[in-house]
Amino acid sequence: MIPLPLAWTLLTVYLWTPVLGSNLILHQEPPTVLYPKILSTESIECDCGNISCEYVYWFRSISDHSEVQFLGKWNNAGRAHYGEGVDEARFKVYRRNSMSFPLRIINVTEKDAGIYSCVLKDKKNTEMWKTGILLRPGVVPPTLPPKVVPKRRPPTCRCTKNSKQGCGSLILWPLVGLIAALAVALICILYYFSRLPKKCRHHFVKKRRMT
């Protein structure tokens, strides 16, 4: 199903471009939205795709899509023709390369809002009709919600008969650490008693016997 704004644009474009014997290629992708700043310069792309372009036609669907304005056309001979009432000092149709025919808008204003669409034609009268790009000058683009990164849980080991080797290391290393701590404590105690004077050690042993 073709959206109503696009259908209205196509009807107007049909009246502007000769389509007798033409093969139509219609792109029904959702329009891309651009948010240029006021008085900035914005370039709207129009790529040829799989056809060898000879002509490009640019149109604008204004406000509530009740009016479609013909902006201009460009051919491979380097000639540009603009529609009635189009400010040629601000709207420029040009050729970037053999596969791209952008529309440049200089000093963008709020009145330039609308859906900009292009129609491409080759020597065999094959036409490619693009969906268009929605231009919203001076509008703050919506902020996307931050991506929620799932928390990684620490790996757990569930010991089974088939996984004794993998789980053994998780049990062995804490046990080795405990034995090492006990060994260090025992060495410290022996070192402490070895440093005591003989009298103190004799008194300590005698006291223990009395008790």
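Computation of the quantities below employed the complete heavy-atom set of this structure, encompassing side-chain atoms and omitting hydrogens, waters and symmetry-equivalent molecules.
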Chemist: Is it true that Glu45 and Arg96 make a salt bridge, defined as a side-chain N closer than 4.0 Å to a carboxylate O?
Modeler: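 Yes.
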
Chemist: Can any side-chain N or O of Asn76 pair as donor or acceptor with the backbone N or O of Cys53 at less than 3.5 Å?
Modeler: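 Side chain of Asn76 to backbone of Cys53: a pair is present.
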
Chemist: When Phe70 is tested against each of Tyr82, Phe59, Trp58 for ring pair (Phe, Tyr, Trp, His ring centres under 6.0 Å), which residue passes?
Modeler: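 With Phe70 as partner, ring pair (Phe, Tyr, Trp, His ring centres under 6.0 Å) holds for just one option, Phe59.
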
Chemist: Please find the pair of heavy atoms, one from Val56 and one from Cys46, that lie closest to each other, and give the distance.
Modeler: CG2-SG, 4.0 Å

Chemist: Taking all non-hydrogen atoms of both residues, which atom of Asn107 and which atom of Arg90 are closest, and how far apart?
Modeler: O-NH1, 3.0 Å

Chemist: For the atom pair OG1 (Thr41) and CD1 (Ile105), what is the distance rounded to the nearest 0.5 Å?
Modeler: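 One finds 9.5 Å between OG1 of Thr41 and CD1 of Ile105.
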
Chemist: Kindly indicate whether the side chain of Leu134, heavy atoms from C-beta on, has any atom under 4.5 Å from the side chain of Leu34.
Modeler: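 With C-beta onward as the side chain, the pair stays apart.
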
Chemist: Measuring from atom CZ of Arg79 to atom OH of Tyr55, what distance do you get when rounded to the nearest 0.5 angstrom?
Modeler: 9.5 Å

Chemist: Grab the two heavy atoms, one from Cys48 and one from Leu120, that are nearest each other, plus how far apart they are.
Modeler: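 Between these two residues, the closest heavy atoms are CA-CD1, 3.5 Å.
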
Chemist: Phe91 ring centre to Arg104 NZ or CZ under 6.0 Å, with the angle to the axis within 45°?
Modeler: no

Chemist: With side-chain contact (heavy atoms from CB on, under 4.5 Å) as the test, would you mind laying out the steps for Val68 and Arg60 before giving the verdict?
Modeler: CA-CA 6 Å; Val68 177; Arg60 177 168 70 112; over 6 Å; no

Chemist: If we only count heavy atoms from C-beta on, is the Leu103 to Lys92 side-chain gap below 4.5 Å?
Modeler: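 In short, these two side chains do not touch, never coming nearer than 4.5 Å.
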
Chemist: So, taking the atom named CG in Asp112 and the one named CD1 in Ile106, what distance separates them when rounded to the nearest 0.5 Å?
Modeler: 11.0 Å

Chemist: Determine the minimum heavy-atom distance between Asp122 and Ser52, stating which atoms define it.
Modeler: CB-O, 2.8 Å

Chemist: Roughly how far apart are Ser61 OG and Tyr116 OH, rounded to 0.5 Å?
Modeler: 10.5 Å

Chemist: When you measure from the side chain of Lys121 to the backbone N and O of Tyr57, does any donor-acceptor pair fall under 3.5 Å?
Modeler: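 A pair under 3.5 Å: no.
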
Chemist: Val86 and Leu71: which non-hydrogen atoms are nearest, and at how many Å?
Modeler: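 Closest heavy-atom pair between Val86 and Leu71: CG2-O, 3.7 Å.
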
Chemist: Test Ser43 against Tyr94 for side-chain contact (heavy atoms from CB on, under 4.5 Å), laying out the working first.
Modeler: CA-CA 10 Å; Ser43 291; Tyr94 66 100; 3.8 Å; yes

Chemist: Less than 4.5 Å apart, side chain to side chain, heavy atoms only: is that true for Glu110 and Ile38?
Modeler: yes

Chemist: Closest approach of Asn97 and Arg95, non-hydrogen atoms and distance?
Modeler: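 Smallest heavy-atom distance, with atoms named: O-CG, 3.2 Å.
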
Chemist: With side chains defined as the heavy atoms from C-beta onward, is the minimum distance between Trp74 and Pro102 less than 4.5 Å?
Modeler: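 Counting from C-beta outward, Trp74 and Pro102 never come under 4.5 Å.
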
Chemist: Measure the spacing between CD of Glu54 and CD1 of Ile51 and express it to the nearest 0.5 Å.
Modeler: 10.0 Å

Chemist: Is there a side-chain contact between Asp47 and Met99, using heavy atoms and a 4.5 Å cut-off?
Modeler: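 Side-chain contact under 4.5 Å: no.
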
Chemist: I need the Ile44 CD1 to Lys130 NZ distance, nearest 0.5 Å.
Modeler: 12.5 Å

